[in-house]
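Proteins get letters first, then strands, A, B, ... in listed order; numbering begins at 1 in each. What you see below is based on every heavy atom in this structure, not just the backbone, and it leaves out hydrogens, waters and symmetry mates.
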Amino acid sequence: MRPEASRVWGSRPSHENEIWGSQEYTMATNDTFTVLYFAAASTYTGKSSDVVPGPMPVSKLFGYLEGKYPGIRKKVLSSCALAVNLTYVDLVEDADKDIENGDEVGIIPPVSSG
Amino acid sequence: MEKFSLGSENLDLRKRIAELEKELAGYRSGAHTASNGADAAHPQSSDDSSEAPASSVQDDDDARPVKLDLDEFRRYGRQMIMTEVGLDGQLQLKRSKVLLIGAGGLGCPAAAYLAGAGIGTIGIVDHDLVEPSNLHRQIMHAVDRIGTPKVTSIITSLNNINPYPRYVAHNYALSAENAIDTLDRYDLVLDCTDSPQTRYMISDACVLLGKPLVSASALRSDGQLVVLNNPPGEGPCYRCVFPRPPPPESVLSCGEGGVLGPVVGAMGVLMATEALKVLLAKADRKRRRKPAHLAVAENSKATAASDEKDTHAQDVKMKGKKEEGAEERKFYMTIYSAFSDTPFKTIRMFGKRKTCQACSPGATITKESMKNGSLDYVAFCGGRGAGKYPALTKDEVIEVQEYQKLREKNEGGVLIDVRDDVQYGMCSLENSINVPLATILTLPIAAAGEGRNDEAEEAKAVPIPSWLPRDTSTPIYFICRLGNDSRLAVQRLKRSGLVRGNAIKDVNGGLWEWSRKVDKSFPIY
């Protein structure tokens, strides 16, 4: 049975899901730093960046984000690379390093598809 | 007189031999090619490209003599006149053997540009067949080759671009067991694959074999590009960058997560650029000339400096050399976010990770452990999505035809489509309602006896969502694209404890099965 013979796919009005303008822009202030979300991190948080009060040691960041986005630590952050001001940061060796206010932190999940 | 005459003849012969030897050396270094352009050096046939991993690539010396014929001069002239390439660079490309693993969205554009650039030998590993859903991004495949192996399809297209390279088809899946043998006969590897396990496996093999690796990936509107193990033994490997694999349930293929054609295309093209950079770096740099005006300026500076104080000039020179050396040891990862205002970001990386399992002095991964299969990459990456989707009981599943019969009798209950709203907007079944899986996963979990008290209280406080039937007799059916997420939904709704009495079932195989077995006019995507 064909529920509706004259149906034309694609004619349905698309949902107002704005993939083109889904990014939130937030301004960092003097006592904050910016966190940029890439790939799966952006999908999970639903945004491309956040402003976080600083300074904060590297080791505290993932805990802070887990509080903001429950489940993100296990599902996304566990495999992520971290960059502070476009420089790779080792989560173990640089754990005590401070993220300063005004810094830009990149959360970079591995993309494996292609 | 007789003696003298013989002696002079001897001398002449010796001179001639020396000349010929010099000429031969010229041929060997490849610098003497122009005069040989008329040689009928026909493009190498790809007929002999073999599917067997063994003996398909010549094991010849890296420095083997190669030359260009007249057609190749015309063909490659546009890139050869660049200072970065030149004749030496072009000959180096022709001497090179490059392996592309994957003939998909990354492999197609990368292979096209590498073939066009005149790489001598291009190997391609892939075991898939061309499918219609590949064509929006895998630009080397074509409508009339749907259903044929990707390796033969891509080589057909590459031959149309440039018949000169030797193309080698490896029509099998790369595994830990065959990776070493497959990669060993190439100079450079491009990882154009689509899963974490192959990425770790290829990286490990490249480290063990001392091959540089160009690795890129793309999903949706995001891409990553990094040159690994370059120079071999110095640069970081994939494990150094991402020591922990992503949890398997979070790994999405392009088929699951979607991908924009030009995004993965851009990453593939960038891979080709990086591959050319790695190969050209091998060409003799000394032969590369500086722009004339700079050479003059430098010479006069050097003269002036030497007039003043030799040691100072030496210092400047040394300093310059040092900086150049330090620059070579920098490593970068490029990340691309197509929809961002600043789409490209380059992250500076540090060298190898001190504790790396693959490339540090304490590495535990060996060729033997790869070859004998004791390294389980699937397990390392958390299993083949095992446990990703729950197994349901017989009572929790309904076949599509059976469900259609219920719908005809108006007994279809509540049909909940758990795809996201974008996909639901593309096509959906009549009278279905859209509750994305992401929403269902936020339902509370009923405390089961041993649960903590506060959790139970929390669960009680959550109101029953509007989309759930209020009576206990209306059955609830979950459907999705392929029948996986709907199983998660069944399990999750049951765990929520919000439904008492209602049957909760999964429409087996989802809309894909629906289209195949019930309504052929329903789109498959």
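- For A/Thr43, the part lying near chain B is the side chain, with the backbone staying farther off; criterion is any non-hydrogen pair under 4.5 Å.
- Only the side chain of B/Val264 comes within contact range of chain A, with heavy atoms under 4.5 Å apart.
- Chain A forms more heavy-atom pairs under 4.5 Å with one residue of B/Val263, B/Asp420, B/Val241 than with any other, namely B/Val241.
- Using a 4.5 Å cut-off between heavy atoms, A/Leu36 contacts chain B through its side chain alone, with no backbone atom that close.
- Ranked by non-hydrogen atom pairs under 4.5 Å with chain A, the options B/Leu219, B/Asp191, B/Thr355, B/Ile335 are led by B/Ile335.
- Between B/Phe344 and B/Tyr336, the angle of the ring planes stays under 30°, which puts this pair in the parallel group of the 30/60° scheme.
- Looking at B/Cys108, there are no atoms closer than 4.5 Å to chain A (heavy atoms on both sides), in backbone or side chain.
- Contact tally against chain A (heavy-atom pairs below 4.5 Å) for B/Gly107, B/Gly104, B/Ser195: the top residue is B/Ser195.
- Within the 4.5 angstrom heavy-atom criterion, atoms from both the backbone and the side chain of A/Ala39 approach chain B.
- Listed by chain and number, the residues in a ring pair (Phe, Tyr, Trp, His ring centres under 6.0 Å) with A/Tyr64 amount to none (sequence neighbours excluded).
- Across every non-hydrogen atom of B/Tyr200 and B/Cys381, the tightest pair is CD1-SG, 3.9 Å.
- When heavy atoms are compared at a cutoff of 4.5 Å, B/Pro196 approaches chain A by way of both its backbone and its side chain.
- Remark: B/Arg419 fails to qualify as a cation-pi partner of B/Tyr525 under the 6.0 Å distance and 45° angle criteria applied to the six-membered ring.
- Looking at B/Met333, only its side chain comes within 4.5 Å of chain A, counting heavy atoms on both sides.
- Contact of the A/Phe62 side chain with the A/Leu91 side chain is registered, since non-hydrogen atoms from C-beta on lie closer than 4.5 Å.
- When the candidates A/Thr87, A/Asn85, A/Val76 are compared by the number of heavy-atom contacts under 4.5 Å with chain B, A/Thr87 comes out ahead.
- The neighbour count for A/Lys75 NZ, taken as heavy atoms of other residues, nucleotides or ligands under 6.0 Å away, does not exceed 12.
- Summarising the geometry of B/Glu274 relative to B/Val227, their closest heavy-atom pair is OE1-CG2, 3.6 Å, with the distance given to 0.1 Å.
- Residues A/Ile107 and A/Tyr44 have side chains not in contact (no heavy-atom distance under 4.5 Å, counting atoms from C-beta outward).
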